[in-house]
Amino acid sequence: MSSDLERECAENLMGLVGKRIIDIDFSSYDDECWRIHIRTESEMIVMTFCRDWKCPVVERRDRIK
């Protein structure tokens, strides 16, 4: 199970390879969780991290033009 989770985490990060990053924002909820908003030329990727999670939750959103 650990290897499946690691593979999913790596695939989510590999989605950024070759894309031009336009902007990055960081926000925190509290001492336990935080979010990184990564804007590329074609989409926005939101990565949510919490201290006790093994892998961030990744959302892909179409970029509003």
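Note that this is a predicted model, so its numbers are computed, not measured.
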Does any part of the side chain of Lys54, heavy atoms only, come nearer than 4.5 Å to the side chain of Cys9, both counted from C-beta?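 No, their side chains stay 4.5 Å or more apart.
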Within the 4.5 Å heavy-atom criterion, are Glu8 and Val58 side-chain neighbours or not?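 Sidechains of Val58 and Glu8: no contact.
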Does Glu59 have any side chain to side chain donor-acceptor pair (under 3.5 Å) partners at least two apart in sequence or in another chain, and if so, which?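 So Glu59 forms a side chain to side chain donor-acceptor pair (under 3.5 Å) with Arg35, Arg61.
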Other members of the hydrophobic cluster containing Met14, with the 4.5 Å side-chain heavy-atom rule, please.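 Under the 4.5 Å side-chain rule, Met14 groups with Val17.
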Suppose clustering is done on Ile, Leu, Val, Met, Phe, Trp and Tyr with side-chain heavy atoms closer than 4.5 Å. Which residues sit in the same group as Trp53?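 Reading the cluster by chain and number, Trp53 sits alongside Val57.
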Can you measure from NE2 (His37) to CD1 (Ile24) and round to the nearest 0.5 angstrom?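 Between atom NE2 of His37 and atom CD1 of Ile24 there are 12.0 Å.
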Return the set of residues passing salt bridge (Lys or Arg N to Asp or Glu O under 4.0 Å) with Glu32 (not counting sequence neighbours), or none when no residue passes.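 Once residues adjacent in sequence are excluded, Glu32 has no partner under the salt bridge (Lys or Arg N to Asp or Glu O under 4.0 Å) criterion.
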Could you note down all residue pairs passing disulfide (SG to SG under 2.5 Å) where residues 19-49 supplies at least one of them, sequence neighbours left out?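 Listed by first then second residue: Cys33-Cys50.
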Nearest atoms (heavy-atom pairs only) where Gly15 meets Arg60: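 That would be CA-NH2, 3.4 Å.
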With Trp34, which residues qualify under side chain to side chain contact (heavy atoms under 4.5 Å, CB included), at least two apart?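 Here the qualifying residues are Phe26, Ser28, Phe49, Arg51.
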Qualifying residues under side chain to side chain contact (heavy atoms under 4.5 Å, CB included), relative to Asp23, sequence neighbours excluded: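 By the side chain to side chain contact (heavy atoms under 4.5 Å, CB included) rule, Asp23 matches Asp25, Arg39.
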Give me each pair satisfying side chain to side chain donor-acceptor pair (under 3.5 Å) with a member in residues 11-20, each pair once, sequence neighbours excluded.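 Qualifying pairs: Lys19-Glu43.
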Do Ile21 and Val46 belong together in a cluster built from hydrophobic side chains that touch within less than 4.5 Å?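 No, Ile21 and Val46 fall in different hydrophobic clusters.
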Common cluster, Ile38/Met44, ILVMFWY with side-chain heavy-atom separation under 4.5 Å: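 Looking at the clustering, Met44 is in a separate group from Ile38.
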